[in-house]
Amino acid sequence: MYNFKFIEKKWQKVWKTKKLYNVSDKVEEKPPSHEAMAGRGKNYYQLTMFPYPSGDLHVGHWKNFAPPDVFVRYKRMQGYNVLSPIGFDAFGLPAENAALKNSVHPEKWTMQNIKTMTRQLESMGNSFDWSKLIITCLPEYYKWNQLFFLKLFNKGLAYRKKAPANWCTSCKTVLANEQVIDGKCERCEGTVIQREIDQWLFKITDYAERLLNDLDKIDWPERTKTMQRNWIGRSEGVLIKFVVEGLDMGIEVFTTRPDTVRSATYMVLAPEHEVIKKLKARIKNLQPVQKYIDNTKLKTEKDRIEEGREKTGIQLLGLNVLNPITKKAIPVWISDYVVGNYGTGAIMAVPAHDERDAEFAKKFELLIDNEPLLGFDEAIDLVNGKKTRKYKLRDWLISRQRYWGTPIPIIHCEKCGIVPVPEKNLPIKLPILKDFKPADDGRSPLARDKKFLFVKCPKCNGAAERETDTMDTFVDSSWYFLRHPSAKYKAGPFEKEATESWLPVTMYNGGAEHSVLHLLYSRFFTKFLFDEGLINFDEPFMALRHQGTILGHDGGKMSKSKGNVTDPDKLVSEFGTDAVRLFIYFMGEYSQSTVWDPNGILGVVRFLSRVHALKNKLAIDKTKEAEPLEDKGEENLTRLLHKTIRKVGDDIEEMKLNTAISALMMLLNEAEKQKEISFEFYKTFVKLLAPFAPHLTEELYQEIRILNQESSKLVSVHFAAWPKYNPKLIKDDTFELVIQINGKMRDILTLSIDLSRDEIENKALSSEAAKKYLNGEKPNRIIYIPLKLVNIVINSPEA
RNA sequence: GCCGAGGUGGUGAAAUGGCAGACACACUGGCUUUAGGAGCCAGCGCCGCAAGGCAUGCGGGUUCAAAUCCCGCCCUCGGCACCA
C-alpha cells in the first residue's frame with residue numbers, strides 16, 4: 001500500500017496555498033444551461049446544499065459532497081470555469097437546544113462546529129473555492145435577510161397576522177412545524193396544540209401560479225416537480241353564493257363540481273368561519289356551538305390523528321340557506337372536516353356525489369338527494385357562479401419566537417403602528433444574550449433584552465418597541481446561492497456582474513427531503529427578486545439532482561438520535577480519503593439509497609494500490625514509444641483505453657460513477673497483463689481517475705511528468721485536459737455474434753464486422769449449435785440483429 | 001386512501017427489448033510468504049456426476065426474443081393526507 005497519508009496531506013496543502021480551485025472574479029460568459037452546456041459558455045456553477053454545522057461530518061455528508069466533486073473536477077478538466085462554493089446554514093434550533101444542554105452560547109457552539117467541520121471538509125479533498133465561504137449567522141450575511149424582508153414588506157408581501165402556531169404545552173414554547181412529530185414535541189414528546197399568536201408571513205401564495213407553471217422550464221427530477229405541484233395544489237372550480245334564508249346576504253362556497261349543485265342538501269362551514277360571529281344573534285344553540293368551536297381550537301394534532309376520520313360537527317339551529325337551483329331551504333352545519341383557510345372555508349355538501357359528505361350525512365342522518373346532473377357550464381350560468389382557481393399552498397409563516405435567528409427589522413410604535421426599520425440602520429444585530437431560553441408567554445427571549453427592545457420610532461421619534469420574533473432559517477437558505485459569487489461584497493447582497501456571470505446555478509445537488517420547502521422558498525425568492533429588477537432570471541436552479549441517502553445498519557435513516565450514524569474518520573485514517581471517496585462512488589448510483597456497510601472497501605483500496613504499483617511497469621526506454629504498435633496486446637490495450645475514455649466521460653455526465661470506476665478497473669486488469677506500459681497510457685489512465693481519486697492521481701501525475709522530463713512548474717492534473725478518444729480506435733474490426741435457437745443462447749462466434757448479412761446468417765447456420773438443433777431440417781425463420789445476434793426459429797411439431 | 005421510487009446471487013450491484021449476474025466484496029481450493037485485513041492462479045446463481053434444466057417479488061399477456069413493454073396483485077421505502 002502506498003503512503004496515502006503523506007500524499008493526501010501534501011497535496012491538500014499545495015492546493016490550498018496555491019488557491020487552485022478559486023475561480024477568477026473576472027466576468028466570464030453566462031453560465032450554460034445544464035442540458036445544452038457544450039459550446040454555450042464556460043462558466044459552470046455547481047452547488048451542493050450547504051450543511052448545517054452539527055459538529056461532525058458523518059458518512060451522509062460524504063455521500064452529499066463527494067460525488068458532485070467528481071462532476072466538478074471533470075468539468076474543470078474539460079475547460080469549464082467551475083465555481084463550487086461551500087458555506088454553513090448556521091442559524092437554527094439545534095444550536096439552541098445543544099447550547100441549552102451543554103450550557104454554551106449558541107454562537108460559540110456554532111462557530112466551534114464550523115471550525116471542526118471546515119477541517120473535516122478540507123480533509124475530504126473537495127475542490128471547494130473557500131474564498132466564497134458564507135456563514136448565515138454572521139451580521140454581514142443576515143443583514144441582507146433583513147433587507148429582503150423590508151423589500152417584501154414594501155410590496156405588501158410580508159405581513160403580520162394572528163396565526164395558529166404549534167405550542168408545546170410541556171416546554172411552553174412555540175415549535176417549528178418540522179419539530180412536531182406525529183403531533184408530539186420532538187424533544188420532550190409533550191402534547192402540541194395550536195395557539196393563536198401574531199406572526200409574520202410571506203405572501204408566497206401570490207406566486208402560486210408562476211411557481212407551478214415554471215416547473216416546466218427546469219431540469220429537475222420529475223418526482224420533485226410532482227411533489228411541488230401537489231404541494232401548490234391548484235384546483236379549478238367555481239364560487240357559488242347561497243342566500244341565507246330571510247336575510248339579504250349570502251355565504252359563498254367553493255366547489256369543483258357545480259354540476260352537482262342540485263343535490264346539495266346542506267352546507268358546512270369551518271368552525272373559524274367569520275359568518276358565525278356575524279350571525280350569532282340568529283343561532284339558537286349558540287352555547288353548544290361555541291363549545292364546539294373552542295374544542296376545535298384546543299384539539300391537539302394527536303387527538304386528530306387518534307380520531308382518524310371520524311367526523312364531528314354541530315348544526316347551526318335557526319339558520320338555513322337556499323339551494324340556488326331548487327330554492328329549498330337547507331341546514332347549515334359546522335365541522336372541522338372543512339378547512340378554514342382553503343377555498344372560502346365553506347362547502348355545499350353533496351352526499352350523493354362526495355364520499356366525505358356522504359359519511360357526514362350518514363352519521364347525522366341528513367338528507368341525501370340525488371337529482372339529475374346539470375351541464376358544467378349550464379350550472380355555472382344558472383347559479384351565477386364565478387370560475388376560480390384555488391391553491392392548497394399557504395402563506396409562509398416565518399416568525400419564530402426563538403433566539404438563534406435573524407431579527408425581524410420592524411418597530412412597533414403606539415402612534416404609528418408597524419414601522420419598518422430604515423435600510424440605513426441595517427443590520428439589526430442579534431444581541432448576545434446570556435439567557436436565551438424560550439419564554440412561557442410565547443414571546444421571543446429577545447423581549448427580555450431591554451436595550452434591544454426599547455427604541456425610538458423612526459417616524460415620530462416617540463417610544464417604541466422592536467419586533468422580537470426572529471426569522472425562520474429557511475429565509476437564510478432561500479437566497480444563499482446568490483451570495484456565494486459575491487461572498488465578500490459589502491455594498492449589497494450581491495454584485496451585479498458576479499451574479500450575471502454565474503447565476504442561475506447550473507447544477508444543484510442535495511437531498512430529496514428538501515423537495516418542497518427549501519426548493520420552493522428559493523424559487524419564490526428568486527421570482528420576487530426578478531420582479532424587483534434585481535436579477536435577470538426567475539428560476540434559481542437550472543438542473544437539480546438528488547443523492548440517495550445512506551441508511552444505517554438497521555435500514556433506517558441515519559440520525560444522531562437513533563445512534564446509527566457512521567463516522568468515516570476511522571476509514572479515512574486507515575485507508576485514506578481517496579479510498580473512502582472511491583468506495584462511496586463504487587457502492588451504487590448517486591441517486592440511489594443504500595445501507596451503509598464498509599465491508600467492501602478493500603476492493604477499491606486494492607485498486608488504488610495497484611494503480612500506484614502500475615508505475616513500475618512504465619517503459620523507461622522512451623524510444624519504445626516511437627515504435628509502431630506491433631504487439632497485439634498493446635494494440636488491444638490502446639483500443640480498450642479509448643473505449644474507457646468514452647465510457648468514463650459518458651458515465652460521469654450521467655452521475656453513474658460506479659460503472660465508470662468498474663470500467664477503470666477493467667482497464668487496469670488488462671494493463672497489468674502487459675510487460676510494459678507507455679507513458680502516454682499511464683498518463684491518460686491517471687487523468688481518467690483524477691476526478692475520483694484526486695490525491696493519488698496528482699502525485700502520480702507529477703511523478704510521470706518528472707520521469708518524462710516535463711517542465712518543473714506545477715501543472716495540476718486537475719487542470720489537465722480531459723482525454724479525448726479516437727473514434728477510429730473504439731471501433732473493433734470483429735464482433736461477437738450470439739446464436740440463439742428459439743430464443744435461447746446456444747453459441748457465440750467471433751466474426752469480422754465487414755461480413756454481409758447473408759454471410760453472417762450462413763456462418764450462424766453452419767455453426768455447431770445450429771447443426772445440432774436443426775438436425776438437417778430447414779429453419780422456419782431467421783431473425784438477424786446487425787452486429788449482435790441471429791435467432792434461428794425452428795417450428796416445434798406441436799405448433 | 002392518493003402520488004412517487006424501488007424489489008435481480010451469500011453481499012454491494014451491472015445489464016432499458018437481444019449472452020442475466022459485468023465490476024467488486026465475501027467464501028472455497030491451490031501456489032507464494034518468517035508473518036499478513038498482503039500477492040498470484042482457479043472456482044463461485046440454483047438443481048444435476050454430466051448432458052441439460054430452472055432462475056430477475058407473484059400471476060397473466062405481447063414478442064422470434066422480456067429483469068426491461070402491457071394488465072392484475074404482493075411487499076419495502078419516501079411524500080401528501082378530510083383541500084370540497
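Lettering follows sequence order; numbering is per chain, from 1. Quick caveat: nothing in here was measured; it's all calculated off a predicted structure.
- Nearer the 5' end of RNA chain B, as judged by each residue's closest nucleotide, is the contact made by A/S662, out of A/R610 and A/S662.
- A distance of about 26 Å separates the P atoms of B/C73 and B/C82, rounded to the whole Å.
- Among the protein residues, A/N669 comes within range of the sugar-phosphate backbone only, with heavy atoms under 4.0 Å from sugar or phosphate atoms but none that close to a base.
- At the phosphate of B/A5, neither OP1 nor OP2 sits under 4.0 Å from any side-chain N or O atom of A/R223.
- Not a single donor-acceptor contact under 3.5 angstrom links the side-chain atoms of A/E513 to the base of B/G78.
- Here A/F586 lies in heavy-atom contact (under 4.0 Å) with a base.
- Classification of B/G39 as anti follows from a glycosidic angle more than 90° from 0.
- Of the residues near RNA chain B, A/R394 and A/W231, the one whose nearest nucleotide (by heavy atom distance) lies more toward the 5' end is A/W231.
- For the residue pair A/D369 / A/T265, no side-chain donor-acceptor distance below 3.5 Å is found, with atom types taken as modelled.
- Contact annotation: A/Y342 side-chain N/O to B/A84 OP1/OP2 distance is under 4.0 Å.
- Note on A/K656: only backbone sugar-phosphate atoms sit closer than 4.0 angstrom, heavy atoms only; bases stay farther off.
- Across B/U11 and B/U16, the matching P atoms stand 23 Å from one another, rounded to whole Å.
- A/V338 comes within 4.0 angstrom of a nucleotide base, judged by non-hydrogen atoms across all strands.
- Within 4.0 Å (heavy atoms only), A/S235 reaches sugar-phosphate atoms of the nucleic acid but no base atom.
- For A/L602 and B/G36, the CG to C1' distance is 12 Å, given to the nearest whole Å.
- Aromatic ring centres of A/F586 and A/F607 lie farther apart than the 6.0 Å criterion allows.
- Among the heavy atoms of the strands, none lies under 4.0 Å from A/K390.
- Of the P atoms belonging to B/G4 and B/G43, the separation is 46 Å, rounded to the nearest Å.
- The base-pairing partner of B/C49, taking Watson-Crick or G-U wobble contacts with both distances under 3.5 Å, does not exist among the strands shown.
- Remark: A/R606 is in phosphate contact with B/A26, judged by side-chain N or O atoms under 4.0 Å from OP1 or OP2.
- Residue A/N658 places no side-chain N or O under 4.0 Å from the OP1 or OP2 atom of B/A24.
- In this structure, A/K392 reaches the bases: a heavy-atom distance under 4.0 Å links it to at least one base atom across the strands shown.
- To the nearest whole angstrom, the two C1' atoms, one in B/A55 and one in B/U8, are 10 Å apart.
- Counting only N and O atoms by type, the side chains of A/D357 and A/Y337 include a donor and acceptor under 3.5 Å apart.
- For the pair A/K363 and B/C82, the criterion of a side-chain N or O lying under 4.0 Å from OP1 or OP2 is not met.
- Distance check on atom P: B/A65 versus B/C54 gives 15 Å, rounded to whole Å.
- Taking only distance into account, the side chain of A/Q592 never meets the base of B/G6 through a donor-acceptor pair shorter than 3.5 Å.
- A salt bridge links A/K673 with A/E670: the closest approach of a Lys/Arg side-chain nitrogen to an acidic carboxylate oxygen falls below 4.0 angstrom.
- Using a 4.0 Å heavy-atom criterion, one finds that A/E222 contacts no nucleic acid atom at all.
- Residue contacts for A/N791: at a heavy-atom cut-off of 4.0 Å it reaches a base atom on one of the strands shown.
- Of the P atoms belonging to B/A67 and B/G57, the separation is 10 Å, rounded to the nearest Å.
- Only the C1' atoms considered, B/G29 is 11 Å distant from B/C44, to the nearest whole Å.
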(request) Would you sort out whether A/K617 and A/E672 count as a salt bridge (Lys or Arg N to Asp or Glu O under 4.0 Å), showing the intermediate values? (result) CA-CA 8 Å; A/K617 288 198 170 171; A/E672 280 179 336; over 6 Å; no

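- Residue contacts for A/R746: at a heavy-atom cut-off of 4.0 Å it reaches the sugar-phosphate backbone alone, with no base atom in range.
- For the pair A/T659 and B/A22, the criterion of a side-chain N or O lying under 4.0 Å from OP1 or OP2 is not met.
- Counting non-hydrogen atoms under 4.0 angstrom, A/E355 reaches nothing in the nucleic acid.
- A/F474 and A/W396 have their aromatic ring centers separated by at least 6.0 angstrom.
- Distance check on atom C1': B/U56 versus B/A51 gives 26 Å, rounded to whole Å.
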